[in-house]
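Since the structure comes first, as structure tokens, the remarks are kept for the end.
All chains are named by letter (A, B, ...) in the order of the sequence lines, taking the proteins before the strands, and each is independently numbered beginning at 1. Reckoned from all heavy atoms, side chains included, excluding hydrogens, waters and symmetry mates.
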Protein chains: 2
Amino acid sequence: MFSKACEYGLRATIYIAEQSLSGRKTSLKEIAGSIASPESFTSKILQQLSRSEIIHSDKGPTGGFSMNPHQLETVKLSSIVAAIDGDHIYKGCGLGLEQCNEKKPCPLHDQFKGIRDELKSMLETTSVKELALGLKGGLTMLKR
Amino acid sequence: MFSKACEYGLRATIYIAEQSLSGRKTSLKEIAGSIASPESFTSKILQQLSRSEIIHSDKGPTGGFSMNPHQLETVKLSSIVAAIDGDHIYKGCGLGLEQCNEKKPCPLHDQFKGIRDELKSMLETTSVKELALGLKGGLTMLKR
DNA sequence: ATAATAATGGATAAATTTATCCATTATTAT
DNA sequence: ATAATAATGGATAAATTTATCCATTATTAT
């Protein structure tokens, strides 16, 4: 479904959000450890997310990754997926056709449309914050 | 969503089914031309589908690819996806966790479950034959 | 038997994704 | 100023996916 990079990106962002909700910055090392992802690869992904202004980063000692109140309030899963994998997964044709629409549909169009639209709307309405709250409350897990 | 190989495999199988419904065998060349896929790569995919007994192949002149009545009646999209990409896409965790279930869910589990299950059930209930009929009736397209 | 035809299978190559390493930059505390 | 710390960015490498080429095998018609 999502690329490895995107899976790590989603897990990392949810973890950073959870820490930010508790008023803590977190380091690359801590993130990678907490979401069971390769550290250096995760670093590249965090850079992307930071450039896309989905998360915030500070250099130097006491530095680390965090999300500011505005980011915590506004970031939806769709922004993360779009920043890493692009929006093809929730906008494109299931059979990979360039032009596939109501007028010239692929054979799977009708059956696929509902699922793709549901995925799209789920990603666009689900906030990182709400997922971070479930994690904070100990209801959900990010590794293993 | 699906790999390129899987997209080509789905398109090719639907095309072969359409031809079989009209009582025609079809060649690799014709298939690749009709679904706009690279010929040699498509050949590898057809071999996989043939080994998985999703389609039938005959060598020699008058040879080609086809689906027998039993295949036309029974093959669902899920078998094709499973044969090429595996079943991770409609069975696995959205965030890529090994262990993610009701007891130990990932943060996205509840939101993702519905979509994944709907995708699973769509793939398991949609037959290649019904899609081939839409194609045969000129209602749907397989290239571009 | 022979020639023609179409799938098969093996060896590679190109492209992309996943991953690592390390010097550099920014920042903090002393 | 200096040392310590943590993110950044560039250069690569490993793995996987996508793709090509071509000799071989099976089959058909003559």
Euclidean distance, atom CD of residue A/Glu7 to atom P of C/dT17 [Å, nearest integer]: 14 Å
Is the closest side-chain donor-acceptor distance between B/Ser27 and B/Glu30 under 3.5 Å? no
May I ask you to evaluate whether A/Gln47 reaches the phosphate of D/dA7, defined as a side-chain N or O under 4.0 Å from OP1 or OP2? no
Pick the closest DNA chain C nucleotide for A/Ala5 and for B/Leu46 by heavy atoms, then say which residue is nearer the 5' end. B/Leu46
Distance, rounded to the nearest Å, where B/Ile45 contributes CD1 and C/dG9 contributes C1': 15 Å
A/Ser50, nearest nucleotide to its side chain (from D/dT28, C/dT28, D/dT8): D/dT8
Take atom CD of A/Gln48 and atom C1' of D/dA7, then tell me their distance rounded to the nearest Å. 15 Å
Side-chain N or O of A/Tyr8 less than 4.0 angstrom from OP1 or OP2 on C/dA19? yes
Counterpart base for D/dT30, defined by Watson-Crick or G-U wobble contacts under 3.5 Å: C/dA1
Complementary nucleotide of D/dC21, counting Watson-Crick and G-U pairs under 3.5 Å: C/dG10
Taking the side chain from B/Asp85 and the backbone from B/Phe2, do they hold a donor-acceptor pair closer than 3.5 Å? no
Any donor-acceptor pair under 3.5 Å linking the side chain of A/Lys25 with the backbone of A/Thr62? yes
B/Ile55 CD1 to C/dA7 C1': how many Å, rounded? 11 Å
What nucleotide among D/dA4, C/dC21, D/dT8 has an atom nearest to a side-chain atom of A/Pro61? D/dA4
Taking the minimum atom-to-atom distance to the side chain of A/Ser27, which one of D/dA7, D/dT8, C/dA6 wins? D/dA7
To check you understand the geometry: which heavy-atom pair defines the closest contact between A/Ala82 and A/Tyr90, and what is its length? CB-OH, 3.7 Å
Using a distance-only criterion (donor-acceptor N/O pair, under 3.5 Å, no hydrogens), is the base of D/dT18 paired with the side chain of B/Lys4? no
OP1 or OP2 of D/dT8 sitting under 4.0 Å from any side-chain N/O of A/Ser57? yes
Between A/Thr42 and B/Gly64, which residue's closest nucleotide on DNA chain C lies nearer the 5′ terminus? B/Gly64
A/Met1 vs B/Met1 side-chain heavy atoms within contact, under 4.5 Å: yes
Please determine, for the side chain of B/Ser3, which listed nucleotide (C/dT8, C/dC21, D/dT18) has the closest atom? D/dT18
Could you state the CZ-C1' distance from B/Phe41 to C/dT16, rounded to the nearest angstrom? 12 Å
Could you give the NZ-to-P distance, from A/Lys44 to D/dT12, as a whole number of Å? 13 Å
Nearest heavy atom decides the nucleotide; on that basis, is B/Pro38 or A/Asp58 closer to the 5' end of DNA chain D? A/Asp58
Would you say that A/Leu97 contacts B/Arg11 through its side chain, given a criterion of any heavy-atom pair below 4.5 Å between the two side chains? yes
For B/Leu28 and C/dT5, give me the distance from atom CG to atom P, rounded to whole Å. 16 Å
When you measure from the side chain of B/Ser40, which nucleotide among D/dT20, C/dA7, C/dT27 comes out closest? D/dT20
Let me know, please, whether A/Arg51 or A/Gly63 comes out on the 5' side of the other along DNA chain D by nearest nucleotide. A/Gly63
Reckon B/Lys29 touches a base, only the sugar-phosphate, or nothing at all at heavy-atom distances under 4.0 Å? nothing
Expressed as a whole number of angstroms, how long is the span from A/Glu39:CD to C/dT20:P? 9 Å
